[in-house]
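Below, read A as the first sequence line, B as the second, and so on, with proteins coming before strands; counting in each chain starts at 1.
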Amino acid sequence: METLHLDLPSLQDDTLLPRVLLHGVVSSGNLEVLVEPGRDAARCIFEVQTAAHGFAEVWQAVLTDFAARHPVGGLSFSIHDAGATPAVVSLRLDQAFQSLRGS
Amino acid sequence: MNASQPRRVWNHEAQRRQVRLLRGMPFARDKEVAPGNVVSLLEALLEPGDRVCLEGNNQKQADFLSESLAACSPQRVHDLHLVQSVLALPSHMELFERGIARRLDFSFAGPQAHRLARLVQSRSIEIGAIHTYLELFGRYFIDLTPQVCLIAAQAADAEGNLYLGPNTEDTPVIVEATAFKSGIVIAQVNERMACLPRVDIPAGWVDFFVVAPTPNHIEPLFTRDPRHITEIQVLMAMMAIKGIYAEYGVERLNHGIGFDTAAIELLLPTYGESLGLKGKVARHWALNPHPTLIPAIEAGFVERVHSFGSEVGMEAYVAARPDVFFTGADGSMRSNRAFCQTAGLYACDMFIGSTLQMDLAGNSSTATLGRITGFGGAPNMGSDARGRRHASAAWLKAGRERSGDGTLVRGQKLVVQTVETWREPNHPTFVERLDAWQLMEDMGMDLPPIMIYGDDVSHVVTEEGIANLLLCRSPEERAQAIRGVAGYTPVGRARDRAVVENLRDRGVIRRPSDLGIDVRDATRDLLAARSIKDLVRASGGLYQPPKQFRNW
Amino acid sequence: MSIGKTALLDRLFPSGHKVTEVGQVLCGWGETPAGRVHVIGTTEHAAIDSCIALALSAAVLQAVAEDGTDHRPIVFIADTQGQALSRREELLGLNGYFAHLARCVNLARGAGHRLVTLIDGEAVSGGFLAFGLLADAIVALPGAEVRVMDLRAMARITRIPYERLTALARSSPVFAPGADNYWRMGGIHALWTETEDWAAQLLALLQGGGEDERARLGAERGGRKLAASVAQEVLHAHG
Amino acid sequence: MMSTALQSYREATARQRVQGLLDAGSFTEWLGPARRITSPHLAALDAPVSFDDGVVVGQGHLAAQAVVVIAQEGLFNGGAVGEVHGAKIRGALLRAARDRPQAVLLCVDSGGVRLHEANAGLIAISEIMRALFAVQSAGIPVIALVGGTCGAFGGMGIVARLCNAIIISEEGRLGLSGPEVIETVKGVEEFDSRDRALVWRITGGKIRRTLGEATVLVDDDMAAFRSAAAAEMFGDRPHLERWGLSPDSLHGLQAAQRQLAARAALDGSIRDGQQVWNQLGLGEEVALMSPAEFNLCLEARKP
């Protein structure tokens, strides 16, 4: 397993539901993401444990875009990845974010 | 006329044919050959260097005749030149490994792709060329006419008339070329019938037939279990339907074989219906009877389907829907690969399919290193028919987009590639250089095995968006349009963001949000069937899936 | 009956025993200083099918029924290579036969029978789960093999290299075959050695409660550190 | 967005099943994912871990009645039972025995023991069996729901059969040894695991219902599972008392012994569910019957 840690700037949305949320499943080509409150309202923390080695740059790009796309400041996303493609990673993160919105 | 010159013989081939038939007669009773005599028959008939067509496509296979040919003595039968659609069976490869055959002209080698590559590298096989189906069929009448063909039929009667059943496939074109050029036609049949439901090949064109010990194998290649369709594929299907089918009003089309297009088929009666598209798109098809098309047929989307071959389990359903499918007077389907390929090339406004790799020119390939897969029919469907003359709304719109402000002299077929940006973590779909180039070098080919040429491709659909290549005005712009939908692949990350945003402003690139698609709606709940069982239910119990697809 | 099993019974019950073998199923009694005990078990590495499972459950029900209010201990002799692998057995619902057997064993415990398992030979996965592993006290005799799956098969299925598994198995008791591994995890209460007085040791085991203490034992012995604490946490979690 | 389909139970995750089965907003999880009690044994083998180790446990309400719910995640390592996973299930059962909810819902979706921690898993399943007995002794029924991708196999196949009732979908499977294992050891002639129709005729919901192991056959639909579970809790008490809950359990088990013996005495040539159906006068039309039709058909054939 490879571990990655990212701390990225992002806007904050006060209306998000303050709760812990687990989305997705650790299975081949898929991942789970645990969303929790972070420390800094202007930053979003990502902890990634992945079975696919050597993709740090891709993760950086995917997560940077995600943090720019949605106001996820003040949140922490912990990911257990079992070889999801970037498309699946983005989709799961977007779904997790939408769930925080309560819709 | 100079009497001293020898008289030229004009029926040399017919005389040779008679000699061969005489050699074969001891092994037959009238035209029927006992299974145990087939090897002797072939050894008696065949001559070294003969061009032989061993029927088999990606569906039905003349498997008993193939095994019999492979069991012939290489002392008696050798150096054959095989001219056939598909290399699929282990016995096909044994022919070369045992020296019975030496030269090969073919189209597709899916399951034997790896073994074929090894034979090429060890120089145990000479490849003339790898064709598309239509090319190969064309050459049957020009310079690759078989001297002997070994075909598969459903049934024969006492005279040797043949009934081909729903899987007509390549048989008519093979027999036509062979029988009318003094060749020998040998058929394996599944059964003898006193009275055939219909005559597909008249006895006068058939020289021998054998009732095979087991029915010919048919692979259910076009059955896609909806269980395996992912949310990403649903999203891409939504984009294709809204951004291409609806936009161009695509009424006549062909689909590839993969899960991406199966998703589209299953979204037509749900998402397509909600967009009000029934009766406006996807009405006429050149397509095998895909089980995943059942809900769209039942919903009244699909009006007509002509097929290359049939599909195992779809027989009763097809027979019960004669308004949709082409069926004989007996009620069963009549397919025909040559005609359906022609229809796909000339009479359809769109081809949409998937691929394994695409480069920045839009060239795509399913070749991977160490495997020679060949082409099959996709390049016939997935190419603009420049000889086409009749107009349709979709064809004209695409033509206008390509020509810009120029005067329109011809339209343009829509050739759509729908791919996820990554197949799996180590396999990006978008690459700077196709593996096909390496394969060309390794195998000593004249050209890289490119499935769909980039200049034929009109649209690329990925989970990131749709790139409309018709609107690109330079190779550089085209490359950026492809990068702009290539996601996080190295190719995609090397995009010029400013250029890509400009392309998006111009509508060359469209994201899901640009199309008014909410990514959250892309769930499997949108599929009209989520399992094989749902398909059976949708068919009113008429579809009878093969046992490996059932979970009840 | 095999010589090995006869010798085992002689050694456990020097004052006498009467155990018959029918189709790899042992059934009878043994005499101890504390009185007569039931003996029920399997032999010759039985692959447990519905027939064997039914014979075992019948023997347990018989013991419960015949004892009335005097609930004598039951000594299980476990020697099984696991469940029978067959299409017919699956069709019959072999898991249901095992469940029924387990229920019968639990009935005996509830009725007041002390349950002791002696592993003599093999104890493998499903066959072991069905009865032996449900006892109040479980003992591995010398040479007993206890496992779910051997490491080569495990390597094939998990696609983890065999060498890596063998290396890790030297320090971790959690996946590799071995009675001592099960002892460290609390799944086996005692490992008897060849030289000990088995009759006396058995006699000692015939006393005791029916609580499931295995998770606590596993924690104490250091082989299974989480089972007890996690279950306790669930038991006391807020909500 | 229009959607005509039902919410598939099979395609739902364990968490979605819990949400779908229980009254909205009533669920409280014990040792939730934020606690990060993951498997150290998977980590030691460099295999991916999950925040909840593949099982969700907690309490909530079903039709306003208190229940303890346990849901295995079949997509994570085949729902297999490891040390933490097993201990969570055992803890939830012990808690049910203590807190006395109306019922325990056990959503089984598991191939059995997790090989990466096989010894811990095997012992854990034995502990789960004993904890389950404790729940039943306290008079609380345990209802198994089987309809996930992994079915209920191995030790969890035994555990499912210890429950007071089994609700199964046609797609659900219940057995001991998976067909692949039998094929590997005994050969393809014994069991062709790729013949999926055969696999389901041996282990699938319809044959398990026919043999009386499953109490109800339902559609692969969340609402159908939910209402069947509620019916088990409120409705027809007799079959809850059939196993174990009755104080007169020696008699109950003797009766069960006779039933199972009668089944084992079936004609030795019977190795296919279709043969069982043929004996009931049912032909191959069984395959396409809806669960409702099938349940009616079986009722009509009851002796």
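The 12-atom threshold is exceeded at CD of A:E2, counting heavy atoms of other residues, nucleotides or ligands nearer than 6.0 Å.
Nearest heavy atoms, B:I232 versus A:L91: CD1-CD2, 3.9 Å. Taking each heavy atom of B:Y488 and A:S90 in turn, the nearest pair found is CE1-OG, 4.0 Å. Across all their heavy atoms, A:V58 and B:R493 have their closest contact at CG2-NH1, 3.3 Å.
Under the side-chain hydrogen bond (donor to acceptor under 3.5 Å, both in side chains) criterion, B:T368 pairs with B:R371, not counting sequence neighbours.
For residues 499-516 of chain B, heavy-atom neighbours of chain A at less than 4.5 Å comprise no residues at all.
From B:T523, atom OG1 reaches atom CD of A:Q95 across 9.0 Å, with rounding to the nearest 0.5 Å. Note that CZ of A:R101 is 7.5 Å distant from CZ of B:R520, once rounded to the nearest 0.5 Å. Taking CG of B:D518 as the reference point, atom CG of A:D94 lies at 10.0 Å (rounded to 0.5 Å).
Only the backbone of B:E424 has a heavy atom closer than 4.5 Å to any heavy atom of chain A. For A:A52, the part lying near chain B is the side chain, with the backbone staying farther off; criterion is any non-hydrogen pair under 4.5 Å.
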